[in-house]
Amino acid sequence: MSIYDSLNDRQKEAVFQTEGPVLILAGAGSGKTRVIIHRIAYLMEQCNVNPYNIMAITFTNKAAGEMRERVNQMVGFGAESIWVSTFHSSCVRILRRYIDRLGFSDHFTIYDSDDSKAVMKEVCKKLKIDTKQVKEKTILNAISAAKNELIGPTEFAMKAISDFSQKRISDAYIEYQDMLKKSNALDFDDLIVKTVELFRSCPDVLEGYQKRFRYIMVDEYQDTNTAQFELIRLLSGGSRNLCVVGDDDQSIYKFRGANIRNILDFEKVFSDAKVIKLEQNYRSTQNILDAANAVIAHNSARKSKALWTDAGEGNPIHFKTFETAKEEAQFIVEDINRRCRNDRQDYGDFAILYRTNAQARLLEESFVLDGTPYEVVGGTNFYARREIKDMLAYLKTIDNGMDDLACRRIINVPRRGIGATTIERVQEYAIAHGMSFYDALLGASGIPGLGRSAAKLDSFVTLIQGFRGKMEYYSLKELMQDIIDMTGYVDELRASEDEEDEDRIENIEELISKITTYEESAEEPTLNGFLEEVALVADIDSLKEDDNHVVLMTLHSAKGLEFKNVYLAGMEDGVFPSYMSITSNDPTDVEEERRLAYVGITRAKEDLTLCYAKMRMIRGETQMNPVSRYVREIPEKLIDGRVPPAGRRVYDDDDDYSDSYSARSSAYGSGSYGSSAYGGGSSAYGGGYEPAGGRNLRQVSYKSLGTSPMQNAPYGGSYSTGSSGSSTSGTGRSAYGFRGLPITRPQRTPDEKKPFIAQNAKPLSSIQGLSKGMPKLQMLDSLSYEVGDRVTHAKFGEGLVKEIVKDPRDYKVTVEFDTAGVRVMYASFARLEKVEES
DNA sequence: CGTACTAGTCTTTTT
DNA sequence: GACTAGTACG
């Protein structure tokens, strides 16, 4: 009896094939991680491979941590010397040691996307690029895409020679890299790129690592980009013992540069590659797998495989239709509670997955109101919060005096009376003398034109130098505490009236405890090491699975996880697949999202519920979208709810919208959803959406204008304004119309510390923030127009009023605009004015 | 120099 | 609706 007996034949084959290039095509839930773990154990126990010679690469710290833990459990002795880590941290580890060969110092800073944006902003300023014409982010995206393809500034420049806008990006690219270098900083992409650069330019370094890593395994291989591929190709160049594990059907990171060809062409690059398919699924019921298989079958470029299980049919897939997204959210919470009561389920057995982070908000509100325990994964990164970035900037300034960005961020935070002009002067001086910003500060008295400010700069420098001196004998925690005390940062927050600042203090406390945890767990804790760890955390890393609460996250974050019961929220064309990919002229965009749907469906072990809301507010605009094509791709016999047919929606007889909908249904109805659409290629979508003028998906939409209608002034007396303040307890009755109720912040007692909110979740206050800019109360007396009148709208121009329906709070007005199509809007939000006939 | 307000932009998805 | 950068004003 050996540990390998529990594997099926295919899995055994994958485990025992230790030499040469191996591609393991592992379908969802096919025990891929098990295979990797067993393979490592097999290498160590049966092949006498020194664990020191084994490398396993993953994409997230969470995956790396789990892998390490499971290997530890299985082989025990020796597992700690296996190199298990993410692409990014592997590269950092290598670069810390050898980056001097590339002219950087080993204390380099890692810039996150905010930092990159700040640098790019400066680049644009310097190059006189109008950021209104070309956004920083656009340039950064182009640079990132180039880096992912290992195209350096020089090569980029040569390609860009004839194209004006490319030339501009090329110039920015060069300048951007220059600035990073001056700050001794690398961005995310650089971590990979510079490592490849290092290996290419220093054969001795590469050879050292090739000798060390004789067996390399790469998890989630379908997510690798060209640079990452090159990295592992180089690393495995000596032994050629490269085993990659992935599923082309789960490739969902194209936007991040993932190159699906890496997996599809693996056998071409490594002609002697052994390919092993794992198709038996140990996770889900047959119904769930059938649904997943049916959906993914609509994609063209894929390696054929079909998941199967011997687990039995299981429950049908539930499909639910709701009037609004709010009802969807309420249903999900109620359904989960019902099943916890009647069905012996635990909260921890449930996950809600959605396409965009913004969808979490409404769900979160329902959970809060209901008191159901939950956790939101992702959204705003904890480390991206202002107060945390401030604290980190102090640490960075202390750690790396060349990090100009960090230094400038905190030089006047908290306020020290150092203004923009002074900073500008110092910066100019630093550039002129080829020194870093901080070095310029050190000699501030010698900088001309600073006047009285020089003294303030001096005391800032003294402060930082003081911290640097204390580092000698302080722990990191003490250092952080000292920074807080000496700068008075928290004192200032404490003095503030703003409720949000309370959360900020809590976040800083949270940071301190993270520092403490780091110091306790790291082998050799250093300031630099902490900053590095912080720079490379992913949202999903912090998810603890043993807590008993419902988990909410994006479909992307859910990859690699599994849950007993899964709800997929927002199954609407325009949400999922997103509006962007539907209107994109690249048909593979919709396929990419179909893979995301496949990922979502296959997360469920026993029960899957698909939710569709007829109406949903996105970016302050209420959209009405048809049911997601991915739902319709699931055979009806697997589903227990009625799915509206293609191009039409089913409404109740008394539904107010049926007219307005039929007015536009022709836009959808022209056959673009027909079965031929997928096989037929790219033009199929265009035909269906184009006729009504490009924005069709949002044709029928409520539009609320402005952030605060109350301030936007004249409603022409047809509204009476309520007097309730913004802190009214929102127990139910809607004062805010259809936008949803404001949520009262639960009173927090000292010992009750945010019971349901994860550290990285948005604070409750941000939900409550919803109510901040809201109109207090809006009652309508009468309208100045009626059906048949011509009206004008601030944004959509003139149109004809087709219908007016009164509901409890407001009038819904359907207008057929001359250019903007048919829209339904609430009268109190749309400032419609009658056009007087002459 | 600091604050308060306003206008503009945005959203897929993330290491 | 939410956030942010920019600007006008004290």
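These numbers come from the heavy atoms of this one structure, side chains and all, not from hydrogens, waters or symmetry mates. In what follows, chains carry the letters A, B, and so on, assigned in the order in which the sequence lines appear, proteins first and then strands, with residues in each chain numbered from 1.
Within the model, atoms NZ of A:Lys137 and OG of A:Ser116 stand 12.0 Å from one another, a figure rounded to the nearest 0.5 Å. For the atom pair OG1 (A:Thr86) and NZ (A:Lys62), the distance works out to 14.5 Å, reported to the nearest 0.5 Å.
Ring-base stacking between A:Tyr253 and B:dT13 is not satisfied when judged by a centre separation under 5.5 Å and a plane angle under 30°.
Contact annotation: A:Asn412 reaches the phosphate of B:dG2 (side-chain N/O to OP1 or OP2, under 4.0 Å). Within the structure, every side-chain polar atom (N or O) of A:Thr58 is placed at least 4.0 Å from both OP1 and OP2 of B:dT15. Taking only side-chain nitrogens and oxygens, A:Ser557 comes nearer than 4.0 Å to OP1 or OP2 of B:dT14. Put simply, A:Arg415 has a side-chain N or O that comes within less than 4.0 Å of OP1 or OP2 on B:dT3. Neither OP1 nor OP2 of C:dA5 sits under 4.0 Å from any side-chain N or O of A:Lys125. Between B:dT14 and A:Ser113, no contact under 4.0 Å exists linking OP1 or OP2 to a side-chain N or O. Taking only side-chain nitrogens and oxygens, A:Asn357 comes nearer than 4.0 Å to OP1 or OP2 of B:dT13. Contact annotation: A:Lys559 side-chain N/O to B:dT14 OP1/OP2 distance is not under 4.0 Å. In this structure, A:Lys135 reaches the B:dC10 phosphate: one of its side-chain N or O atoms is under 4.0 Å from OP1 or OP2. The shortest distance between the side-chain N/O atoms of A:Asn148 and the OP1/OP2 oxygens of B:dT15 is not below 4.0 Å. For A:Thr421 and B:dC1, the shortest distance from a side-chain N or O to OP1 or OP2 is below 4.0 Å.
Rounded to whole Å, the distance from CD on A:Gln359 to P on B:dT13 is 9 Å. A:Leu191 has its CG atom 19 Å from the P atom of B:dT14, to the nearest Å. Atom CG of A:Leu140 is separated from atom P of B:dC10 by 14 Å (rounded to the nearest Å). Straight-line distance from the CD1 atom of A:Ile192 to the C1' atom of B:dT14: 13 Å, rounded to whole Å. At whole-Å resolution of the value, CD in A:Glu621 and C1' in B:dT9 are 14 Å apart. Nucleotide B:dT13 holds its P atom 18 Å from the CZ atom of A:Arg595, rounded to whole Å. Rounded to a whole Å, the CD1 atom of A:Ile423 is 8 Å from the P atom of B:dC1. If you take CD1 of A:Ile582 and P of B:dT11, they are 18 Å apart, rounded to a whole angstrom.
For the pair A:Lys194 and A:Asp187, the salt-bridge criterion is not met [side-chain N within less than 4.0 Å of a carboxylate O].
Looking at which nucleotide of DNA chain B each of A:Gly419 and A:Arg256 is closest to, the 5′-most match is held by A:Gly419. Across the interface with DNA chain B, nearest-nucleotide mapping of A:Gly417 and A:Glu593 shows A:Gly417 to be the residue nearer the 5′ end.
Side-chain atoms of A:Thr422 lie closest to B:dC1 of the nucleotides B:dT13, B:dC1, B:dT15.
At a threshold of 4.0 angstrom between heavy atoms, the contacts of A:Phe59 are confined to the sugar-phosphate backbone, with no base atom among them. Residue A:Lys62 is classed as having no contact, given no heavy-atom separation below 4.0 Å to the nucleic acid.
Proximity of a side-chain donor or acceptor of A:Glu328 to a complementary backbone N or O of A:Gly570 within less than 3.5 Å is detected. A donor-acceptor pair under 3.5 Å is formed between the side chain of A:Gln359 and the backbone N or O of A:Thr356.
Two rings, from A:His556 and A:Phe255, have their centers less than 6.0 Å apart.
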